[in-house]
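Before anything else, here's the structure in question.
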Amino acid sequence: MAGADASRSIQVAASNARFVKQEHGWEKLKDMLEGFVSDSEHPILHFDSFDPARRDSPSGPSEHRFMLPHPEESLGSVPPPQPRDNSGAAQRQPLSPSRVPAVEATFRLRRSLVKARLTDTGLSFHPISSQPRVFSSFLPLLGNAVAFDDILSAQHLEHTPCLSVACLPCRERHHVVINTFRRSHRKQCLWHPTRLLLSTQSKDTARQWTEKINSALAMLSHRPHALLVILNPFGGARKARHVWHRHVRPILDTAGIQCTVMETQKPGHAKQVVEKLTLSQANSFDGIVAVGGDGLFQECMNGLLALRSLSPELAAAAKDMRLGHIPAGSTDAVAYSINGTRDEETAALHIALGDRTPIDIMRVDTADGASRFAACVASYGYMGDLLRQSEHWRWMGPFRYTLAGTMALLYGRAYQARVAYLPVEMDQPSRRSVCRSQCDLCTPATSPAEHAAHAEAFLRPSKPPFQTAGWRSAEGRFKSIMAVVMPCRSDKSVLGLSPYSHLADGRIVLVLVHDCSILDYLRFLASIPARGIQADRFTYVETIDCTAVSIQPIGVESAWNVDGELLKNNHVTAEAHQALISVFARGVE
Ligand SMILES: Nc1ncnc2c1ncn2[C@@H]1O[C@H](COP(=O)(O)OP(=O)(O)OP(=O)(O)O)[C@@H](O)[C@H]1O
């Protein structure tokens, strides 16, 4: 807007204010101006005094004026930032106060002038002047503090204000841009990247704060610096490239993470790449990120565990590597179960912030000597038939699962099998607890020696049944047998296939669906989307908590569907390995 227009607008506003004051008094004028400040899209005016106590002062209301306080002026004490209450905090080292001395400065943050304080744990903001209403509206989803743990990076930005009425009196040309995230108020666990703009007139202040924040972030040892990103362009609806370039890469770039990206050329390619990493590569990558579906994640995970079995040096290097899952497949149960949402930006933020959550892995051995690792579920019967059929219809995309599932249901086959399992005793509340961030059941209290022994146990084949005491067995005809390791949440079942499975409690939930009519089986399937598998609702469904299982088919065989991959042999022994790998996640908040 031209300068003459702007000055006219200000004159009009001033004469209106005089009119309101004369007609309705100071209280009305105060309300009007507060409303203006909070409603304006680009508010820049700070009304110096709304303090009624000053009304009777000698200088009186006539002294009231629009002004901007100097950024450096001192305005009382500010509470320190609240420490974040999240999983993974155990790995985070609080920064020493001596390394990041507390500093304070005044900034304009959106609609308010705030006093910001930088301490050893993060930033806190405190409204100055009498604008609590305005202040409370500007950070509704962040609170009045941002911990370093929640900040991706900071940048110093210099700009020349435009000549709009809103910007005319603005003298703040320097900004500290804080790249962080906010939680969605509509959907649980959904995060959005966001920026806080702290504006000041002083170049030195902006530069000093940016440097201090970035040097504090550099001290966070859990943050990844280099990642190997493996992208399956043919997974799900073939949107992995778009997801990566549009939603994920910008977040990782903002956090300053170096990404080495490769696209898979064929099935099994991701596993090959990961298990062939050299020692120096394994040492240089902080993690491997799968951009695709669960199948791609399983490949990366199997490759990582294969790498850990090659040599003690590689095992040591690969043990510290975390896996990330950017959902871009058909089901994305891993990303959904570890993050509580299938959103790709949320998954990227967890990676960029260096979150860590251990997860259980199940080793599955077959009678032909082959083995593989599963993070979600191994199923025999209905789900095996479904996958076997859907593999022929891959060209259909995700719809192939619906069609193959309907066909398998209508055929209504049941399979004879001998089932053995090693049960774990659990009290009723634990059996029915939902796994959340910082879950009590998922923190194994083991000594370092026990942990080291446990960490290598996955290299040995799963224990054959009855080798140790406590095994039990059953024989019968089953529509479906499932060994579930994690809740397996998905769009089709928001609570998860197995809502009471945990991420790292070392437990397999064995689900036995005995032979039943097609209608009963349909009832069982229909109940899964709303509630997951609930054994007490059906007489023909049984759930058993165990640490190992062995399934021996008798007669006509179905197929094993292990995390979306078919096995060649159906005589299976499987064992859970507690907290075997870590993923970039915090669990469900
Ligand atoms: N370039 C490729 N061409 C064909 N198949 C591939 C390629 N890269 C990987 N694959 C295979 O595609 C399979 C499925 O991929 P992915 O898991 O990414 O998607 P999806 O199966 O659609 O999703 P979900 O597993 O979540 O249901 C993987 O098991 C992998 O072996």
Side-chain angles (χ1 to χ4, degrees), residues 228-244 247-248 261-276 288-306 323-339 341-344 347 359 364 370 372-379 382-405 408 482 484-494 496-497 528-529 559-568 583 585:
L228 172 62
V229 178
I230 302 182
L231 188 150
N232 175 8
F234 298 102
R238 304 188 171 204
K239 57 175 188 173
R241 279 193 196 122
H242 171 80
V243 164
W244 168 250
H247 299 286
V248 180
V261 187
M262 61 141 295
E263 290 191 1
T264 54
Q265 309 295 329
K266 56 182 182 192
H269 191 188
K271 181 171 183 278
Q272 282 171 12
V273 168
V274 176
E275 69 191 357
K276 285 190 181 147
I288 300 166
V289 175
V291 187
D294 295 321
L296 187 72
F297 179 87
Q298 308 301 335
E299 279 197 27
C300 295
M301 187 254 297
N302 274 278
L304 188 65
L305 290 172
L323 285 179
H325 184 202
I326 300 293
S330 311
T331 316
D332 304 320
V334 174
Y336 213 134
S337 301
I338 61 177
N339 297 326
T341 170
R342 197 184 172 187
D343 178 63
E344 56 271 351
I359 61 168
V364 180
R372 60 171 293 128
F373 295 94
C376 293
V377 57
S379 3
Y382 174 77
M383 293 296 284
D385 293 348
L386 184 157
L387 183 67
R388 195 162 51 184
Q389 187 57 55
S390 70
E391 283 300 289
H392 301 301
W393 296 336
R394 192 159 263 283
W395 53 269
M396 281 188 204
F399 178 68
R400 69 188 184 275
Y401 294 123
T402 313
L403 190 62
M482 286 178 254
V484 193
V485 192
M486 67 162 60
C488 301
R489 293 165 184 250
S490 68
D491 289 339
K492 292 202 177 96
S493 177
V494 176
L497 178 70
I528 293 176
W560 273 100
N561 169 348
V562 178
D563 278 350
E565 300 298 317
L566 286 171
L567 293 188
K568 291 199 177 93
V583 288

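Values below: all heavy atoms of this structure, side chains included; hydrogens, waters and symmetry mates excluded. The first residue of the sequence shown is numbered 1, and numbering continues consecutively from there. Note that ligands are numbered from 1 as they come in the structure, with each ligand's atoms numbered from 1 the same way.
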Which residue and heavy atom of the protein sit nearest atom 18 (O) of ligand 1, plus the separation: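 Sorting protein heavy atoms by distance from atom 18 (O) of ligand 1 puts Gly293 N, 2.7 Å first.
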Enumerated ligand 1 atoms positioned under 4.0 Å from heavy atoms of Gly268: 31 (O)
Closest protein heavy atom (residue, atom, distance) for atom 21 (O) of ligand 1: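 For atom 21 (O) of ligand 1, the nearest protein heavy atom comes out as Tyr401 OH, 3.9 Å.
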Closest candidate by heavy atom, reference atom 20 (P) of ligand 1, pool Ala335, Ala333, Ser330: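 Nearest heavy atom to atom 20 (P) of ligand 1 lies in Ser330.
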Verdict with reasoning, Leu323 to Phe297, per side-chain contact (heavy atoms from CB on, under 4.5 Å): CA-CA 8 Å; Leu323 285 179; Phe297 179 87; 3.8 Å; yes
Any side-chain heavy-atom pair of Arg388 and Leu566 under 4.5 Å: yes
Side chains of Val334 and Gln298 in contact at under 4.5 Å (non-hydrogen atoms):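 Heavy-atom side-chain distance check passes, below 4.5 Å.
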Heavy atom of His269, distance to ligand 1 below 4.0 Å: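 Not so, His269 does not reach ligand 1.
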Atoms of ligand 1, numbered as shown, that sit under 4.0 Å from any heavy atom of Gly292: 18 (O)
Heavy-atom pair with the smallest gap, counting every atom of Met486 and Ser337: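 Closest heavy-atom pair between Met486 and Ser337: SD-CB, 3.4 Å.
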Salt bridge (Lys or Arg N to Asp or Glu O under 4.0 Å) partners of Asp563, counting only residues at least two apart: none
Identity and separation of the nearest protein heavy atom to atom 27 (O) of ligand 1: Thr331 OG1, 3.1 Å
Identity and distance of the protein heavy atom lying nearest atom 6 (C) of ligand 1: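 Ranked first by proximity to atom 6 (C) of ligand 1 is Pro267 N, 3.7 Å.
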Where ligand 1 meets Thr264 - atom numbers and elements under 4.0 angstrom, heavy-atom basis: 1 (N), 7 (C), 8 (N), 9 (C)
Please list, one pair per line, the donor and acceptor atoms closer than 3.5 Å that link side chains of residues 265-272 to other protein atoms, with sequence neighbours excluded.
| residue | atom | partner | partner atom | Å |
| --- | --- | --- | --- | --- |
| Gln265 | NE2 | Glu263 | O | 3.3 |
| His269 | ND1 | Gln265 | N | 2.8 |
| Lys271 | NZ | Glu275 | OE1 | 3.2 |

Spatial distance of atom NE2 (His325) from atom CD1 (Ile288) [nearest 0.5 Å]: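 Here the rounded value is 14.0 Å.
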Nearest-neighbour protein heavy atom for atom 24 (P) of ligand 1, which is reported as residue plus atom name and distance: Asp294 N, 3.5 Å
Identity and separation of the nearest protein heavy atom to atom 7 (C) of ligand 1: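 Looking only at protein heavy atoms, the one closest to atom 7 (C) of ligand 1 is Asn232 OD1, 3.5 Å.
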Rounded distance (nearest 0.5 Å) linking atom CG of Leu386 with atom CZ of Arg400: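 So the gap between those two atoms works out to 10.0 Å.
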Atoms in ligand 1 with a heavy atom of Phe234 nearer than 4.0 Å: 1 (N), 2 (C), 3 (N)
Val229 vs Val248 side-chain heavy atoms within contact, under 4.5 Å: no
Selection from Glu565, Glu299, Glu391 by shortest heavy-atom distance to atom 30 (C) of ligand 1: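 Selected option, by shortest heavy-atom distance: Glu299.
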Ligand 1 contacted by Gly564 (non-hydrogen, < 4.0 Å):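 It does not; every heavy atom stays at 4.0 Å or beyond.
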Shortest protein contact, atom 17 (O) of ligand 1 (heavy atom only): Gly295 N, 2.8 Å
For Gly235, the ligand 1 atoms whose distance to one of its heavy atoms is below 4.0 Å: 18 (O), 19 (O), 22 (O)
Proximal ligand 1 atoms for Gly329, defined as those under 4.0 Å from one of its heavy atoms: 23 (O)
Pro529 vs Lys492 side-chain heavy atoms within contact, under 4.5 Å: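 No, too far: nothing below the 4.5 Å cut-off.
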Aromatic ring pairing His242/His247, orientation class (parallel under 30°, perpendicular over 60°, tilted between):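 Perpendicular.
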